Every structure is written in structure tokens, then in C-alpha cells.
There are 2 protein chains.
Amino acid sequence: MDRQCAVASLTAFQFQIDRQCSQTRGRACSFHTPHGIVETPRFMPVGTLATVKTVTPAQLRDTGAQMVLSNTYHLHLQPGEEIVAKAGGLHRFMNWSGPMLTDSGGFQVFSLSELRKIEERGVTFRSPRDGAVIEFTPERSIRIQNALGADVIMAFDECPPYPAERKDVEAAVARTYRWLERCINAHERPQDQALFGIVQGGVYLDLRQQAARDLVQLDLPGYAIGGVSVGEPSEEIHRIVEATAPLLPAHKPRYLMGVGTYREMVQAIAAGIDLFDCVIPTRLARHGAALVKGDRWNLKNAQFREDFQPLDEDCNCYCCQNFSRAYLNHLIRSREILGYTLLSIHNITELVRFTTRIREAILSDRFVEEFGHWLQPSAVPVSP
Amino acid sequence: MDRQCAVASLTAFQFQIDRQCSQTRGRACSFHTPHGIVETPRFMPVGTLATVKTVTPAQLRDTGAQMVLSNTYHLHLQPGEEIVAKAGGLHRFMNWSGPMLTDSGGFQVFSLSELRKIEERGVTFRSPRDGAVIEFTPERSIRIQNALGADVIMAFDECPPYPAERKDVEAAVARTYRWLERCINAHERPQDQALFGIVQGGVYLDLRQQAARDLVQLDLPGYAIGGVSVGEPSEEIHRIVEATAPLLPAHKPRYLMGVGTYREMVQAIAAGIDLFDCVIPTRLARHGAALVKGDRWNLKNAQFREDFQPLDEDCNCYCCQNFSRAYLNHLIRSREILGYTLLSIHNITELVRFTTRIREAILSDRFVEEFGHWLQPSAVPVSP
């Protein structure tokens, strides 16, 4: 990185703590990226294939979303990163002018693909599209992410399954560190793409903590906690985050990957997490479910057939401002796509608003007062 | 109908001829309805189940659409007209504040349902939903349409298949007339719902013409030509419209049902037709096809993979203003719903604009000059 790039690097990415909660590790921060500011804590919707399913970028903007995710694994398979790069990068390809983040493909390679072979060099697997053998290495993941051009890119990591034996997790943590060093070396756009490291370690807190300490030595522009929400009990997520987040530097963004449920977000925010992503708002929508004030409703239920109220009378989203529960019930029963679109708009709005309200509470130092009830152990099964 | 209603009837529906083409029977008109003006000639998109598939009412408004269709048969089955009525009518239920039209269910009963029995009283068929026996009579169709509350409602007619023997078509025409008289008697909202009669007669021009003359005697607020686009060659549509439209009163709206292809619309407009409807823009979109300047493109084709131009550089729709052909190709190949939404927005915009430009041409008496090439017999298979 030459001197000019070093200066650009300093200006393109800035992270400031706007306010620290006086009773928890929670904080409200501003993360400056080349495509705008992300005000945290904040939920980030997922646009796997360069589209947040069923919504347009204009509708997505209206949800209050700031940073949007997309998936390296999926985009490599279709349409391929060369086409996205020729289009001018992911932002222009999908017409999202705000901040973006791409994952490394690691999680998908380990969870979705078949016939994978894991070696020190990388992972080979069969394309679900045409059966061709594909190799993902740390270098290749970064090269793809450099071509896609998101503001934040993620290190290629080995994500062990749950449950996994301690020795296997230990090996995955060690390999993830070696792969991270290769990612850093391969990264060709540090001036306008911030590479985040990922803390692995499964449910073994000492492994998590050692991994965090090792990663911090590399002075990366941000850190994520990965390998959670992979099937372990919800309490494990809380234990992992509680033990790990405080070890990550306070002046860098902290991102808890794959988590987007109400209680888990509040608990993680109290432990110092800034960013979240999850497919839950759009996935629930495709199943006809809405997130309303902390609950999960199945709009297909007969109780909504003649319910002419808006989904959430306090919600300012396009769905709640213009349509009734009865109409949503009709659309979902009819399998009309508009139903999935309207519920996606609402569900994303709901989760972004939930984290925005937490931010506002932290800014006025009322986080525990307003959201403390979420910090109690859950007496009922975790939802949304 | 008391005197107050009679006055309302006069004011709620007005039809004026803005300009008559000097070389054809084409005309530009303004059809005033309780929910606004329909400027003709104009294409009307179809919202079968109280939603134009994959687009929101806000997106639909931006296409330039004025009057929107919905289907009595489908809405009776789901959610049922009682729920729509309780919601405050179809406009409020689906949040479309502009003019609306419902068909009578006749076409669907004859073309979609199984185990139907046709008698003088009406038609019985099995619900495709739960197998229950349902009876549609002229009275019931009108009662349902009165409950739905569209601005224009259609007479319940017998729509013979194609091909059909002359004696069968003759019987269907006679029954359609008797059913129309029953529809008129059953209609309880003539003050704010205009009942249109439907000319049947298959490909037998003398039957069509006699049916038209008989219907005109009933002095209805508008007339439709039905039973076309049911499988007959495209030239038959032209023959039927040419022979029938001139017999319908000039000072009433004329609607050609189920037709929405470029050439057929231009030819019908030249014969004096004002309104068209067709599912083609949304159906093509669901198959990944776009209507571009009179042609039909399959966006899935490999030629679009690296084509970073807008779909139609002269189009002002949300799709063409914000996305490339390469992105649409990617969405369609990925079966992403956003692809169908964007193509639906474009295709509806395209057909509404096509008829709007014809209107503008007629207003400046340049219809034949600008659209005359569509009036020549087609040398290639008919498309949009």
C-alpha cells in the first residue's frame, strides 16, 4: 500500500463511538465507509444474489436499511464476479448506493456445498449448478470480493459445525488464523475495502478468547464473531458473545454474523456488538410470517381473514400504511408474490427500527431502562 | 333508481370524444368514472386476485395505468366478496384509488372450471379450491360485482369455445341476451357502477352484428366485444372487430376483452375500440420476457449476460432507469422474484405507453402516419 492509499484508507473508513452506555458494554457508533455512514447498532438485511429477495432497492432504502450484505459463494456461481466487476461493481450492478458487505463464502462452502475436501490450501467442492469442481482458497475468496467491490469484505474462514469436538474446533481456529494472514496478503483494495477478521472457536470459550487475542494483533479495520447461530442453543450465543466481544478493540466495528432475533440482538448489543445480519425477515415473509412488536405472526391464520387493521398501526412502512391484515391474509393464502414483498418490507423495517431504537436509547443512556426486559433469560422459546 | 340516483348516474359516468381520427374510426376519448378519468385508447392491466401480479399499487401507478381489472370468479373463491365488501370495496381492499373494472366470471366459469353444467338458470361448477358445487347465475354475478364495487362491471355471458358450430354459437348469443336482461334487473348500484353488455357471436359476423344491434337497444353505459382471443387466428379478431365495433354507439366506451398485443390493439383502435385488457405483460414477465419497442425479448438469453445497457434506453420506467439487461438476465436465471417485478413494471409501462402514444397521435390527427405500419397485414407470426 503506497502512501496515497494509506491516506485514503484513513479517510474512507472511520469509526467513532457516539455514546457509551453507562450500565452495559453497549455503544452507539458511526462507521464511515466509502458509500456512506452506518449508524450502529444496526441490523443489516441480506441480499444473497445481489437482491434482497422480493424488494426493490427503492423499497429497501425506505426500510431504513443502511448496509446491505451479499454472498460471495452465490455470486461466484451466478452471475460470476467478472460480470459484476464489468457492471462497475456490486453497488452499480444491483443499484444500491449505500454501504455493502460481502461474506467470504466460507460459511456457505462448509454448510451448503457437497463433496467438499478441506485442505490447508483451501476447499474444493462441486458446483450445485453444473457439478463442476470449484476451489475456494483464502486468495480466491479475496480476489472475488475485490472484484465485487463491497465496502466491507470478510476473511475466508473454516466454520466448524455444531456440535464439534474440541480438537476439531482447535484445528479450525488455527487454520482460520493462517488463512486470515493469506487473506490480508491477497487483499488488493485496502484503501476502499475494509477486511474484517472472523473469530471462530465454537462453544469453547477459551478457544474463542485466544482467537480474539490473536486476531486483534493483526490490527484489522473490524472484527466479526462467526460460527454462531449454527444450531446451538440460544444461550450459547449469549455466552460466546459475552466472553468474546469485550476482547475486541473498542475503536473498531464488531459484527455478530447470522444473528437477527430480537433477544439475541439486545443481549449482544449489551456485550458491545454493533452490527448484525440475518435472512430472517425475508425468509419469514416467504412463509407468510410477520414480525410485529417483538412477536411472530402467521398471516395465513384464519383470525386475520376479517381483520381490517394495519399489520402494526405504529409502523410507518409501506405495508402498514396502505394495507390491512385481511388483505395480507388474502395474498398469502393466494400465494401472491405481492404478499411476500409487503411482508419483507415490513419485517426488514421492523428489525432495522428495533436496532435504531436501541441506538436512540443508548444515545440518551436509557438502554437498560427501555430494553432491559430483553436481557432477562427467556422463559419461553426464543423468537421471532 | 330514485331521482337523486339518476342525477348521480349522469354525473358519475361521462364519456366524451376528444378527437376523431380523420382517416379511420379511431378516436381519443375521456371516460369519467367515480374514481377518475380513463383517457382512451388505453391498455388496462389485470389484477386477477386484487393484485396485479408482483407489483405494488404505487409501482402500478407509476406505469401510467389508469383503469385496472380484477376477476369476479377468482375473488368469489378467495377471499370471497363479503370480505372485500367489509374492507370497504375492492379499491380500498387492494389500495387502488383509480378506476377499476370487474369481469363477470363468465369467461372463467367456461374456460377454467370443471364439471360445469350450463342451464338457462345459470352455470354450476366445482370449486377448484375445495370441490364444493358453486352456481353462477346472472343475478349472482351482479350481486358479487355490486359487493366488490368496481366502477365498471360486466354482464354475465355465455362464452362459446373456439371452434364452435354455428347453432351452438347462435344459442349462446340468445342466452347471453336473456342473461343480460337479468343482469340489468339485478344491478343494484347503477348510480356508481356502469354495467357493460358483451357482444358474443364467435366468428360468425352476422351473429355478432345482430347481437350488437340487439344490445344497443338496451342503452347500456358501455359495450364490450367478448369471446375473442380464445384460440382463433389473429386475423379473425380483426374481422370480428371490424364488423362489430362500428355498430356500437359512438358516444359510449367500447372495450375489446382479452386483447393486448401491439398489432391487434392498433387494428382495433382503427375500428373504434377504446379499451383493452390482457394478462400478457405480467405473464410474459413471469417467463422472463420483456416487451421492447414492439418486440418480445427473452431476458434469459446468453446474449444479455454482459449487456450493461438499460432494457429500453428510451423508457422512463423504474426498471429501465435503474438496472441493466445483464442484471435482469442474472435475476431471471436465478429465479429471483425481483426479476419478475422489474419486468412486470416495464411490460405494463410499455403497453400503457403504446396506447398513450396512439392517443396522442389521434389527438394531433397523425394516427395513420405514425401507426399505419401496424395496420398492414402481418408478414411474420403475430407477437408482441
Side-chain angles (χ1 to χ4, degrees), chain A residues 47-60 62 74-75 77-80 82-88 90 92-97 129 282 285-286 304-308 318-319 321-342 344-345, chain B residues 47-60 62 74-75 77-80 82-88 90 92-97 129 282 285-286 304-308 318-319 321-342 344-345:
Chain A
T48 303
L49 272 157
T51 162
V52 175
K53 287 189 191 302
T54 79
V55 305
T56 67
Q59 290 166 334
L60 189 59
D62 289 342
H74 292 90
L75 289 175
L77 295 177
Q78 165 63 37
E82 305 84 2
I83 285 178
V84 176
K86 280 186 189 168
L90 196 48
R92 284 189 59 184
F93 186 57
M94 68 182 280
N95 191 36
W96 178 255
S97 59
R129 240 177 113 194
T282 42
R286 289 199 299 284
F304 298 116
R305 269 179 66 86
E306 301 196 20
D307 185 341
F308 300 107
Y318 178 71
C319 174
Q321 290 292 311
N322 292 285
F323 305 94
S324 65
R325 297 169 185 173
Y327 184 62
L328 293 168
N329 173 274
H330 163 65
L331 293 177
I332 298 299
R333 281 175 181 253
S334 305
R335 296 190 180 82
E336 282 285 351
I337 281 174
L338 181 60
Y340 311 132
T341 299
L342 294 177
S344 293
I345 288 172
Chain B
T48 303
L49 272 158
T51 162
V52 175
K53 287 189 191 302
T54 79
V55 304
T56 67
Q59 290 166 334
L60 189 59
D62 289 342
H74 292 89
L75 289 175
L77 296 177
Q78 165 63 36
E82 305 84 2
I83 285 178
V84 176
K86 281 185 189 168
L90 196 48
R92 284 189 60 185
F93 186 58
M94 68 182 280
N95 191 37
W96 179 254
S97 58
R129 240 177 115 194
T282 42
R286 289 199 300 284
F304 298 116
R305 269 178 66 86
E306 301 195 19
D307 185 341
F308 300 107
Y318 178 71
C319 174
Q321 290 292 311
N322 292 285
F323 305 94
S324 65
R325 297 169 185 173
Y327 184 62
L328 293 168
N329 173 274
H330 163 65
L331 292 177
I332 298 300
R333 281 175 180 253
S334 305
R335 297 190 179 83
E336 283 285 351
I337 281 173
L338 181 60
Y340 311 131
T341 299
L342 294 177
S344 293
I345 289 172

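When reading the values below, keep in mind they use all heavy atoms of this one structure, side chains included, and skip hydrogens, waters and symmetry mates. A note on names: the letters A, B, ... follow the listed sequences, proteins ahead of strands, and every chain is numbered from 1. It should be emphasised that the depicted structure is a prediction, and the values quoted were computed from it without experimental measurement.
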request  = Please state whether the side chain, the backbone, both or neither of A/Leu77 comes within less than 4.5 Å of a heavy atom of chain B.
outcome  = neither

note = Comparing B/Ser334, B/Gly339, B/Ser324, B/Gly80 against chain A, the one with the most heavy-atom pairs below 4.5 Å turns out to be B/Ser334

query = Run the side chain to side chain contact (heavy atoms under 4.5 Å, CB included) check on A/Leu342 and A/Leu328 step by step: do they pass?
reply = CA-CA 8 Å; A/Leu342 294 177; A/Leu328 293 168; 3.9 Å; yes

key: chain B contact via A/Tyr327 - side chain, backbone, both or neither, heavy atoms under 4.5 Å   = both

ask   = Is the number of heavy atoms from other residues, nucleotides or ligands under 6.0 Å of B/Arg286 CZ greater than 12?
value = yes

task = Count the heavy-atom pairs under 4.5 Å between each of B/Thr56, B/Thr341, B/Asn329, B/Thr54 and chain A, then report the option with the highest count.
result = B/Thr56

message = Which heavy atom of B/Ala87 sits nearest to which heavy atom of A/Phe308, and what is that distance?
response = CB-CE2, 3.4 Å

ask   = So what's closer than 4.5 Å to chain A heavy atoms on B/Leu75: side chain, backbone, both or neither?
value = side chain

inquiry  = Shorter than 4.5 Å, heavy atoms on both sides: which option in A/His330, A/Arg129, A/Met94 has the most such pairs with chain B?
reply    = A/His330

query = A/Gln59 versus chain B, heavy atoms under 4.5 Å apart: side chain, backbone, both or neither?
reply = side chain

message = Is A/Phe93 close to chain B through its backbone or its side chain, or both, or neither, when contacts mean heavy atoms under 4.5 Å?
response = both

task = Just give me the residue among B/Asn95, B/Ile337, B/Val52 that pairs up with chain A most often, heavy atom to heavy atom, under 4.5 Å.
result = B/Asn95

ask   = Is chain B contacted by the side chain of A/Val84, its backbone, both, or neither, given a heavy-atom distance below 4.5 Å?
value = neither

ask   = Are any side-chain N or O atoms of B/Thr51 and backbone N or O atoms of A/Leu338, one a donor and one an acceptor, separated by less than 3.5 Å?
value = no

request  = Among residues two or more places apart or on two chains, list those pairs meeting salt bridge (charged side-chain N to carboxylate O under 4.0 Å, His left out) that have a residue in residues 321-337 of chain B.
outcome  = A/Lys53-B/Glu336, B/Asp307-B/Arg325

message = My understanding is that only residues two or more places apart in sequence, or in another chain, count here; which of them pass side-chain hydrogen bond (donor to acceptor under 3.5 Å, both in side chains) with A/Thr282?
response = none

key: Heavy-atom closest pair, residues A/Tyr318 and B/Pro57   = OH-CD, 3.4 Å

